[in-house]
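First up is the structure itself, then whatever we jot down about it.
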Amino acid sequence: MAEPLTLYLAAPRGFCAGVDRAIKIVEMALEKWGAPVYVRHEIVHNRYVVDGLKAKGAVFVEELSDCPPDRPVVFSAHGVPKSVPAEAEDRNILYVDATCPLVSKVHREAERHFRNGLQMVMIGHAGHPEVIGTMGQLPPGAVLLVETPADIATLAPADPGRLAYITQTTLSVDDTAEVVAALRACFPAIVGPHKEDICYATTNRQEAVKAMASKVDALLVIGAPNSSNSQRLVEVGHRAGCAYAQLVQRAAEIDWRALEGARAVGITAGASAPEVLVEEVVAAFRARYEVTEKLVETAQENIEFKVPRILRTLVA
């Protein structure tokens with residue numbers, strides 16, 4: 001007889017409104033213009049999603065230089081530097097920008113502060129596409145990047161009294177609060193965003209993990225290794241007391257030996273992981289255990305973002 005196991009399922013989990021919109025943009029572009037449609041960078045950080053769009057005719061490239069001038073190109077949900085749409089216009093390439101509106105909000109904040117004569121400090125992970133895109137909204141050198149409180153000691157702003165900060169939208173809420181506190185301690189006049197830059201979906205998914213952490217022996221986060229918000233969920237789980245918190249892309253990656261003896265396991269999914277992968281993982285547990293499912297719901301999400309106007313009228 002199978003051993004009993006309680007699966008705690010986080011809610012909210014999985015796709016956020018920005019990811020849902022970005023995938024829809026690629027699908028609608030394929031419907032409107034036919035294949036191939038080029039996509040600069042992974043539209044969202046999830047291999048299953050990317051492979052599914054490839055099968056429909058999307059071609060993923062890293063740079064605009066890899067795109068022919070006679071086919072449409074979609075910019076990923078993470079956002080791009082201003083130089084990318086400028087290059088597309090120079091080459092007469094038709095493009096659709098799938099940047100998440102909440103990332104675009106951070107771009108506008110940075111531009112507003114810059115116009116007001118403030119130098120920007122960005123809290124984020126070096127090399128992440130969102131960070132590259134956000135820093136690329138302003139001239140080189142206008143944005144200083146910090147990842148941890150320790151980085152603040154090496155900051156050399158042009159005028160310490162004329163600073164503003166912005167953040168990547170997918171960071172750990174608690175870690176970011178520590179960096180902000182250190183920034184304010186060092187630069188008391190620094191200006192923050194009107195509304196927190198970390199997006200609602202990132203915050204909600206982290207809160208659900210915190211709520212289930214005390215109930216479970218182990219936590220599985222379904223998501224991609226290059227997904228910032230998914231990696232943060234693993235870190236939040238550890239921080240909240242989960243001795244075992246692991247990122248898995250698919251059910252095949254579950255380390256069953258590490259789960260031996262567990263009586264309660266938490267499951268969540270990063271904002272770019274589709275629900276079908278959650279169902280796959282739950283089915284894998286049901287094949288091995290006598291499963292009881294319990295929902296840990298900390299918020300309800302009903303946000304939806306419109307697709308760009310160019311896609312709202314599809315050709316017959």
L5 to A264 - nearest heavy-atom pair and separation: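 Residues L5 and A264, closest heavy atoms: CD1-N, 3.8 Å.
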Smallest separation among heavy atoms of T167 and E130, with atom names: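 T167 and E130 have their closest heavy atoms at O-OE2, 4.4 Å.
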Residues H41, E62; criterion side chain to side chain donor-acceptor pair (under 3.5 Å); working and verdict: CA-CA 5 Å; H41 192 69; E62 282 306 306; 3.2 Å; yes
Residue pair P129 / H45, side-chain heavy-atom distance below 4.5 Å: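 With C-beta onward as the side chain, the pair touches.
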Distance in Å, S214 OG paired with Y8 OH, rounded so as to fall on 0.5 Å steps: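 Here the interatomic distance stands at 8.5 Å.
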Between NE2 on residue H107 and CD1 on residue I166, distance to nearest 0.5 Å: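 These two atoms lie 8.0 Å from each other.
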Looking at residues at least two apart in the chain, or sitting in another chain, which of them share a side chain to side chain contact (heavy atoms under 4.5 Å, CB included) with [X]?
{"X": "E63", "value": "R40, S65, D66"}
{"X": "R288", "value": "W256, A284"}
{"X": "C199", "value": "L102, T169, A201, T202"}
{"X": "E196", "value": "V173, I198"}

ILVMFWY cluster membership beyond I132 - transitive side-chain contacts under 4.5 angstrom: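 When side chains under 4.5 Å apart are linked, I132 ends up in no cluster with other residues.
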Kindly list each side-chain donor-acceptor pair under 3.5 angstrom involving residues 112-120, sequence neighbours excluded, with atom names and distances?
{"residue": "N116", "atom": "ND2", "partner": "R112", "partner atom": "O", "Å": "3.3"}
{"residue": "Q119", "atom": "OE1", "partner": "A158", "partner atom": "N", "Å": "2.9"}

Any sub-3.5 Å donor-acceptor pair from [X]'s side-chain atoms to [Y]'s backbone N or O?
{"X": "K215", "Y": "G266", "value": "no"}
{"X": "Q231", "Y": "P225", "value": "yes"}
{"X": "D51", "Y": "Y48", "value": "no"}
{"X": "N204", "Y": "P12", "value": "no"}

For residues 18-28, run the donor-acceptor check on the side chains, cut-off 3.5 Å, and write out each pair with its distance to 0.1 Å, sequence neighbours left out.
{"residue": "R21", "atom": "NE", "partner": "K306", "partner atom": "O", "Å": "2.6"}
{"residue": "R21", "atom": "NH1", "partner": "T99", "partner atom": "O", "Å": "3.0"}
{"residue": "E27", "atom": "OE2", "partner": "K56", "partner atom": "NZ", "Å": "2.9"}

Candidate pair R232 and S228, rule side chain to side chain donor-acceptor pair (under 3.5 Å), full reasoning: CA-CA 6 Å; R232 302 296 79 77; S228 174; 3.1 Å; yes
Check against side chain to side chain contact (heavy atoms under 4.5 Å, CB included), L155 and L183: CA-CA 10 Å; L155 275 187; L183 272 174; 4.0 Å; yes
Partners passing ring-ring contact (aromatic ring centres under 6.0 Å, His included) against F15 (at least two apart in sequence or in another chain):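 By the ring-ring contact (aromatic ring centres under 6.0 Å, His included) rule, F15 matches no residue at all.
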Less than 3.5 Å apart, which donor and acceptor atoms pair up between the side chains of residues 85-94 and the rest of the protein, not counting sequence neighbours?
{"residue": "E89", "atom": "OE2", "partner": "Y95", "partner atom": "OH", "Å": "2.9"}
{"residue": "R91", "atom": "NH1", "partner": "L64", "partner atom": "O", "Å": "2.9"}
{"residue": "R91", "atom": "NH2", "partner": "C67", "partner atom": "O", "Å": "2.7"}

Test side-chain hydrogen bond (donor to acceptor under 3.5 Å, both in side chains) applied to E207 - qualifying residues, sequence neighbours left out: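 If we apply the side-chain hydrogen bond (donor to acceptor under 3.5 Å, both in side chains) test to E207, skipping adjacent residues, the hits are K210.
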With K82 via side-chain hydrogen bond (donor to acceptor under 3.5 Å, both in side chains) - residues at least two apart: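 Partners of K82 by the side-chain hydrogen bond (donor to acceptor under 3.5 Å, both in side chains) criterion, ordered by chain and then number, come out as E111.
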Side-chain donor-acceptor pairs under 3.5 Å in residues 240-252, sequence neighbours left out?
{"residue": "Q249", "atom": "NE2", "partner": "E253", "partner atom": "OE2", "Å": "3.4"}
{"residue": "R250", "atom": "NE", "partner": "E280", "partner atom": "OE1", "Å": "3.2"}
{"residue": "R250", "atom": "NE", "partner": "E280", "partner atom": "OE2", "Å": "3.0"}
{"residue": "R250", "atom": "NH2", "partner": "E280", "partner atom": "OE1", "Å": "2.6"}

